[in-house]
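To keep things clear, I will list the structure first and then write my remarks on it.
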Number of protein chains: 2
Amino acid sequence: MRMASPSRVGDARWRGALAVLEEMRREPGVTRAVVAQRLGLSSGSATEITARLRELALLSEAPAAASGRGRPTTVLGPHPEGPLVIAVDLRQEDWRCAVAALDGRPEIVEAGVHAGRGPEQVIGPIAQAVRRVHTRHGRRVRAVGVAVAATVQHGRVVQAATLGWDAVDLGALASDARLPLLIGNDATLAGVAEAREGAAAGAATALHVMIEVGVGGTLVVDGRPVSGATGAGGEFGHLPLGEPGLRCPCGATGCWDLAVDGRAIARHLGEPPPDDPRTYALAAIARTSADAATAAAVGRTAGSFGGGLAGLINALDPDVVTLGGLAQPLRAAATPEFEAALTGGLMRFRRADPPRVVAAVLGQDGALHGAALTALDHVLTEAGMNAWTAALRP
Amino acid sequence: MRMASPSRVGDARWRGALAVLEEMRREPGVTRAVVAQRLGLSSGSATEITARLRELALLSEAPAAASGRGRPTTVLGPHPEGPLVIAVDLRQEDWRCAVAALDGRPEIVEAGVHAGRGPEQVIGPIAQAVRRVHTRHGRRVRAVGVAVAATVQHGRVVQAATLGWDAVDLGALASDARLPLLIGNDATLAGVAEAREGAAAGAATALHVMIEVGVGGTLVVDGRPVSGATGAGGEFGHLPLGEPGLRCPCGATGCWDLAVDGRAIARHLGEPPPDDPRTYALAAIARTSADAATAAAVGRTAGSFGGGLAGLINALDPDVVTLGGLAQPLRAAATPEFEAALTGGLMRFRRADPPRVVAAVLGQDGALHGAALTALDHVLTEAGMNAWTAALRP
DNA sequence: CTGTATAAACTCGTCCATCGAGCATAAAGG
DNA sequence: CCTTTATGCTCGATGGACGAGTTTATACAG
């Protein structure tokens, strides 16, 4: 018998196997032959690794559709009895709970609406949903990933302005103490999902920027979010890129937040701050073609967005920028203003080859996907694999 | 015989050995026993690995000073015939060329002044210096790291405003085609050095901010700079955190650059832009105690710096911020204004536990250290080790 | 000065993921 | 039906790491 030891240099037991599983989840439906070729595995190693993974219920192989001569290969997929993760997306007005296998496609199994209620009344039902899913699948469930529209530090929610909550303990969502709970900001996790399997797939450095109420986002390098020391990185909305002196609810002044969302549009129109800036912004964007004053206000807001974004591009130098939430509608509603501000704000040497700025493609599901991905990251480690094999043979 | 193959999954030949070398260079003078304990190596593995590394001239062992009972261990150090890297620091007015062994301490061996000359006349002498060092040490030299006060994209200098140069090809510095050449921005490399062995040593996420003419810097995560897609990340000075509308030589407007260096101080004093903003700023800082108008101008500049820095902290969430170049003198000259702007610009939830903001400790040598570190990173890889063993046995 | 305690190095048999060469196999094409 | 081709499978070899047992170099106690 061998003791589990934390950071062995030489414990290469899972190296090849994890590489194969990573390939499988990065591209569900790859064939064994392609994976072996990409990883530089000999066919003997591929045979041994896949056999071991099948034995451990981590992988299933199905005959691949023949394409040309030669012995047909197999397509790799998650095992029907393999590990699962639970992904939860807790949004401003509702929540969703999904299950994902190792290929990382979350399948929504429960959902609910909670608009306006306090944390106790919201967390309870979600925890019950998680517990139901956990009970249904038993030990197959290995981790819970949670995306929440809130600021997260050290894995805890420290403030949730859009939800109207203060610091909240989401520990109850782990269903029982043994399930790892991975909590992340929704914009961060959506950025991770876009960078890995969305509009920025393949980019080594992707910047995701999302407007809802204020601006969130994240820089994603090699599939991992640059989340800083406490995990609260990506609060681009609280760079003072907005109107100097304007007081932000966050406590600072001049925040970019105030210059790019519905509050900015209302201010430019001389109206009071809207209760729901998101809905207000959508309504304003919808009537730009009919109303010149609104079009001007939206244009000015889009300009603030483009100018700040150019600064972020100067500072962070991404390959691709993905726009989530209202960012894409805002750009689309005032393309000339946005583009002028963006190009004008870029350093000259960047203008020849600026990064692509594209709409996010995962839409409302980005954060949920990201939660599943993060939970899977936790499972697909040496420690996670050891835990899984231990769970298989009790 | 074995072919070098690019990305073998299973080629774990160098895993343990590289881990030991990393420990040695992170903390020159560690003992073998401590390294083995940290890496979780059995004493047998430690014996085998160190023997192999000594045999390959990668490591030397010397008896450690005895401390208490028990068989004395050995201290690990670079081998006297082991691999070397050349580090070059090309600054605004002069350059330095250093040699470093695997412990990463650059020793300056040549230097020169070039103020005001064109690239051809500057690169030639540096290339000759590199060639002399290369000739002296022969195959022991494995790579050249270059820190340059310029914007670097894809390993090439694309603009060097402070040097008064346009895009320049530094390829000649590699001495001969077989030496890998690693070119980096000086502020970025200084940040790497501060994060690994300077004021931010030990921090997982460190932000380095350096004022000279404008602002440069880098975010360093786990010892690696977040340099973006093209390597030009860290241009924080071209976030529009400055005065809106003010035109920057970079082509954009409102750049932070213009609000924090000597140009800002001059502007606040109603003077024309100085030819040498660095010297101007130093002079102004020196006379703040005597001249109230200058003190006010410096204070306003320090406030712009503190406010922008707070935004960067909000967005990037570092553990530690290191201040390089004029940043520390500026802060010291107007601490109340700086601190007020910094604290006022932080999001409220960050104020309870803000990151430490400390002076860089490597001073003028930061970039040179960073260049050596980067070159060593290139050597201390599987490929670098294979090349070294190939060079040993011709 | 000698014996004991202690910590670390060394020895050696074992393990195991991977390699690589050769063989077996399942299609497509003639 | 036989050949071609790409792939999977088998099996001995390799080599880094492990771990238990042994040796060695020092400090300390008497």
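Letters go in sequence order (proteins before strands), and every chain restarts at 1.
Gln37(B) has its CD atom 15 Å from the C1' atom of dA9(C), to the nearest Å. Following rounding to the nearest Å, Trp14(A) (CH2) and dC15(C) (P) show an atom-to-atom distance of 19 Å. One atom, CG of Leu39(B), and another, C1' of dA17(D), lie 13 Å apart when rounded to the nearest Å. Atom CG of Leu76(A) is separated from atom P of dG8(D) by 9 Å (rounded to the nearest Å). As rounded to whole Å, 13 Å separates atom P of dT18(C) from atom CD of Glu382(B). Between the CG atom of Leu41(A) and the P atom of dT7(D) there is a distance of 14 Å, rounded to whole Å. Spacing between atom CZ of Arg15(B) and atom P of dT18(C) amounts to 11 Å, rounded to whole angstrom units.
For His137(A), the NE2 atom is densely surrounded, since the number of other residues' heavy atoms within 6.0 Å is greater than 12.
Partners of Arg25(A) under the salt bridge (charged side-chain N to carboxylate O under 4.0 Å, His left out) rule, at least two apart in sequence or in another chain, are Glu22(A), Asp377(A). Residues satisfying the salt bridge (charged side-chain N to carboxylate O under 4.0 Å, His left out) criterion with Glu81(A), sequence neighbours excluded, are absent altogether. Glu23(A) meets the salt bridge (charged side-chain N to carboxylate O under 4.0 Å, His left out) test with Arg26(A), Arg38(A); sequence neighbours excluded. Remark: Arg356(A) pairs with no residue by the salt bridge (charged side-chain N to carboxylate O under 4.0 Å, His left out) rule, at least two apart or across chains.
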Only pairs under 3.5 Å count here: list side-chain donor-acceptor contacts from residues 140-147 of chain B, not counting sequence neighbours, and write none if there are none.
residue   : atom : partner   : partner atom : Å
Arg140(B) : NE   : Gly82(B)  : O            : 2.7
Arg140(B) : NH1  : Pro80(B)  : O            : 3.2
Arg140(B) : NH2  : Pro80(B)  : O            : 3.0
Arg140(B) : NH2  : Gly82(B)  : O            : 3.1
Arg142(B) : NH1  : Arg139(B) : O            : 2.9

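Listed candidates were dC18(D), dT18(C), dG16(D). Nearest to the side chain of Ile49(A) is dT18(C). For Ser42(A), whose side chain is taken as the heavy atoms from C-beta onward, the closest listed nucleotide among dG20(C), dA8(C), dG16(D) is dG20(C). Picking from dA28(C), dA25(D), dG8(D) the nucleotide with the shortest atom distance to the side chain of Arg69(A) gives dA28(C).
Nucleotides of DNA chain D nearest to Thr73(A) and Pro72(B) differ in position, and the one nearer the 5' end is that of Thr73(A). Nucleotides of DNA chain C nearest to Gly68(A) and Arg52(A) differ in position, and the one nearer the 5' end is that of Arg52(A).
In this structure, the side chains of Met385(B) and Thr389(B) stay at 4.5 Å or more apart for every pair of heavy atoms.
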Below 3.5 Å between N/O atoms, which protein atoms pair up with nucleotides 9-12 of chain D? Just atom names and distances, please.
residue : atom : partner  : partner atom : Å
dC9(D)  : OP2  : Arg32(A) : NH1          : 3.0
dC9(D)  : OP2  : Arg32(A) : NH2          : 3.1
dC9(D)  : OP2  : Thr47(A) : OG1          : 3.4
dC9(D)  : N4   : Ser43(A) : OG           : 2.4

